Amino acid sequence: MRASEPEMPRPEGGEQYLDGLLARVARGDQAAFEAVYDGLAGPVYGLILRVVRDPAQSEEVSQEVLLEIWRTASRFDPAKGSAATWAMTIAHRRAVDRVRSATAAAARELRSAEVPVPHDAERVRRCLDGLTESQRESITLAYYGGYSYRQVGDRLGTALSTIKTRIRDGLIRMRDCLGVS
């Protein structure tokens, strides 16, 4: 608190007291902010908790709100309403923003987790059945067995270049069969 400003008496439930404190906070008075913090931290947290419904998230949003009050105290206009109303409006808006953000993030996560499956397993089996025996065997070992082209060649006793050709030709036929462009 600055020496030039006397401490304001604290009347019980006095909205004017809080308004005066906020005016002092706007001038950078840390002691006034401590009093504002003490008076508003509980109600701000309670409001946010009712909206967000997660205690940890509510604590985080409450801290953001109180920091915003410290930073933007000069924007408070007592002609438009009380300091408590102004602070609670900020708290409510921040809480709603947090819920919307969490909902949007969950929706994005859900969308990214959904792997579009353009072709079902039955179609893939049908297309595999349309390949030559050597193509099907090579592709099955490479893609379903997890073998490298060289390992497929070793298992089948076939040259690496032949295995590469069989797999390439087989995949082209699979692509055409599945209608993939």
Side-chain angles (χ1 to χ4, degrees), residues 25 28 30 33-34 36-38 40-75 86-181:
V25 170
Q30 290 181 359
F33 179 70
E34 288 175 17
V36 168
Y37 187 100
D38 290 343
L40 292 178
V44 163
Y45 174 77
L47 172 68
I48 293 169
L49 182 60
R50 282 193 302 277
V51 175
V52 176
R53 297 178 184 244
D54 175 353
Q57 292 267 340
S58 298
E59 288 175 9
E60 187 176 317
V61 175
S62 296
Q63 290 302 314
E64 292 171 7
V65 167
L66 291 162
L67 183 60
E68 184 174 345
I69 290 170
W70 167 254
R71 289 181 177 162
T72 64
S74 62
R75 294 184 191 160
W86 179 73
M88 298 305 268
T89 300
I90 293 171
H92 186 261
R93 287 180 180 158
R94 281 288 183 117
V96 169
D97 286 348
R98 178 61 62 100
V99 170
R100 287 179 179 157
S101 175
T103 303
R108 277 192 306 274
E109 193 173 307
L110 185 61
R111 281 193 307 271
S112 69
E114 293 174 357
V115 178
V117 181
H119 308 291
D120 62 1
E122 187 56 41
R123 283 186 68 192
V124 172
R125 281 192 208 101
R126 239 182 301 119
C127 292
L128 273 172
D129 288 343
L131 302 177
T132 66
E133 181 62 35
S134 59
Q135 289 172 336
R136 183 173 41 258
E137 189 174 30
S138 298
I139 288 174
T140 301
L141 286 171
Y143 289 92
Y144 296 112
Y147 294 104
S148 68
Y149 286 11
R150 183 172 307 284
Q151 291 170 326
V152 171
D154 291 345
R155 286 186 65 103
L156 298 177
T158 307
L160 178 60
S161 59
T162 303
I163 294 300
K164 288 181 178 181
T165 300
R166 285 179 184 171
I167 291 176
R168 185 196 70 227
D169 292 346
L171 290 176
I172 290 170
R173 288 178 69 180
M174 292 280 296
R175 179 192 66 198
D176 292 343
C177 175
L178 292 170
V180 178
S181 56

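We use all heavy atoms of the structure for the numbers below, so side chains are in, but hydrogens, waters and symmetry mates are not. Bear in mind the structure is a predicted one, so any value in this text is a computation, not a measurement.
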Smallest separation among heavy atoms of V61 and A95, with atom names:
CG1-N, 4.1 Å

Enter the distance from E137:CD to T140:OG1 here, rounded to the nearest 0.5 Å.
8.0 Å

Just do the salt bridge (Lys or Arg N to Asp or Glu O under 4.0 Å) check on R71 and E68 with the steps written out, would you?
CA-CA 5 Å; R71 289 181 177 162; E68 184 174 345; over 6 Å; no

Has R123 got a side-chain atom pairing as donor or acceptor with L178's backbone, closer than 3.5 angstrom?
yes

Verdict with reasoning, T103 to R100, per side chain to side chain contact (heavy atoms under 4.5 Å, CB included)
CA-CA 5 Å; T103 303; R100 287 179 179 157; 5.7 Å; no

Side chains of R98 and V51: closer than 4.5 Å at any heavy-atom pair?
no

Do the side chains of T165 and R168 get nearer than 4.5 Å, heavy atoms only?
yes

Between A142 and V152, what is the shortest heavy-atom contact and its length?
N-CG2, 3.8 Å

d(D176 CG, L171 CG) to nearest 0.5 Å is 11.0 Å

Using 0.5 Å steps for rounding, measure from the CG atom of L141 to the CZ atom of R136.
12.0 Å

Which heavy-atom pair separates A91 from V44 by the least distance, and what is that distance?
CB-CG1, 3.9 Å

What one should report as the nearest heavy-atom pair of G170 and L131 is O-CD2, 3.5 Å

All side chain to side chain contact (heavy atoms under 4.5 Å, CB included) counterparts of D54, not counting sequence neighbours
V52, A56, Q57

Non-hydrogen side-chain atoms of I90 and W86 separated by less than 4.5 Å
yes

Between V25 and W70, which heavy-atom pair has the shortest distance, and what is it?
CG1-CE3, 3.6 Å

How many angstroms lie between CD1 in I48 and CD in Q63, if you round to the nearest 0.5 Å?
9.5 Å

If you round to the nearest 0.5 Å, how far is CD1 of I163 from OH of Y147?
13.0 Å

Which atoms form the tightest heavy-atom contact between Y143 and I167, and what is the distance?
CE1-CG2, 3.9 Å

Answer yes or no: is there a side-chain heavy-atom contact under 4.5 Å between P55 and Y45?
yes

Starting at CD1 of I69, measure out to OH of Y37 and round the result to the nearest 0.5 Å.
10.5 Å

Do Y144 and L128 have side-chain heavy atoms sitting under 4.5 Å apart?
yes

Residue pair T158 / R166, side-chain heavy-atom distance below 4.5 Å
yes

Are any non-hydrogen side-chain atoms of M174 and V124 less than 4.5 angstrom apart?
yes

Flag side-chain contact, heavy atom, 4.5 Å: M88 against P43
yes

